[in-house]
Amino acid sequence: QVQLVESGGGLVQPGGSLRLSCAASGTIFSRCTMDWYRQAPGKERELVASIGTIISGGTTHYTDSVKGRFTISRDDAKNMVFLQMNSLKPEDTAVYYCYAKWTTLTGSSATTHNNWGQGTQVTVSS
């Protein structure tokens with residue numbers, strides 16, 4: 001099992017920057033694909049950025065609206081994943097969630113597991 005705790009949210013002016021952190025417990029963090037999602041009031045939760053395991057290349061993906069502004073990274077030695085957010089816009093205002101996904105093998109059977117953090121509020125406003 002992987003428990004997740006986000007931090008780093010807050011109030012920032014348009015054009016500003018924030019760095020979100022997600023601390024993971026457990027011993028299998030390096031095997032987890034890690035995502036950042038966000039949910040704005042009245043909207044569905046959306047995938048913002050994802051990063052694969054280092055052993056698989058650590059491939060990153062971003063939703064179009066944040067490409068060039070947000071950067072996802074991970075530090076497996078510290079069981080941490082980060083989201084650096086630059087050039088923030090009011091439309092980035094949302095609760096941001098960390099999400100972990102991993103697979104366990106039992107014999108020839110594979111089971112996918114996942115878990116969410118509690119979320120951290122990001123507000124972009126002047």
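- One distance of note links CD of Q39 with CD of E44; it measures 8.5 Å at 0.5 Å rounding.
- M34 and Y97 fall into different hydrophobic clusters, where Ile, Leu, Val, Met, Phe, Trp and Tyr are joined by side-chain heavy atoms under 4.5 Å apart, directly or via other members.
- More than 12 heavy-atom neighbours from other residues, nucleotides or ligands sit within 6.0 angstrom of CD on E91.
- Among all heavy-atom pairs drawn from S65 and R38, the shortest one is OG-NH2, 3.3 Å.
- From I55, atom CD1 reaches atom CZ of R31 across 10.5 Å, with rounding to the nearest 0.5 Å.
- The CD atom of Q118 sits 4.5 Å away from atom CD of E6, with the distance rounded to the nearest 0.5 Å.
- Partners of Q84 under the side chain to side chain contact (heavy atoms under 4.5 Å, CB included) rule, at least two apart in sequence or in another chain, are S17, R19, T71, N86.
- Taking SG from C22 and CZ from F29, the interatomic distance works out to 7.0 Å, rounded to the nearest 0.5 Å.
- Among L83, T33, I72, D35, the one residue that satisfies the side chain to side chain contact (heavy atoms under 4.5 Å, CB included) test with I51 is I72.
- Hydrophobic clustering places L18 together with Y62 (ILVMFWY residues linked when any side-chain heavy atoms are closer than 4.5 Å, directly or through intermediates).
- Atoms OG and CG, from S125 and D92 in turn, are 12.5 Å apart once rounded to the nearest 0.5 Å.
- For S73 against V81, the heavy-atom pair with the smallest separation is O-CG2, 3.1 Å.
- Listed here is the closest heavy atom pair of S126 and P14: N-CD, 3.7 Å.
- Here H113 contributes atom NE2 and T104 contributes atom OG1; the two are 3.0 Å apart, rounded to the nearest 0.5 Å.
- A continuous path of ILVMFWY side-chain contacts below 4.5 Å connects F70 to L20, so both sit in one hydrophobic cluster.
- Every residue meeting the ring pair (Phe, Tyr, Trp, His ring centres under 6.0 Å) condition with Y99, not counting sequence neighbours, appears here in chain and number order: Y37, W116.
- Side-chain contact between V2 and I28 is present, with heavy atoms from C-beta onward closer than 4.5 Å.
- Looking at T123, V124, V122, T93 one by one, the single match for side chain to side chain contact (heavy atoms under 4.5 Å, CB included) with L11 turns out to be T123.
- Summarising the geometry of M80 relative to S21, their closest heavy-atom pair is CE-CB, 3.8 Å, with the distance given to 0.1 Å.
- Both V12 and Y96 are members of a single hydrophobic cluster when ILVMFWY side chains are connected at heavy-atom separations under 4.5 Å.
- A side-chain donor-acceptor contact under 3.5 Å links N79 to the backbone of A24.
- Under the 3.5 Å distance criterion, with hydrogens and angles disregarded, a donor-acceptor pair is assigned to the side chains of T53 and S56.
- Under the 4.5 Å side-chain contact rule for hydrophobic residues, W36 and L88 share a cluster.
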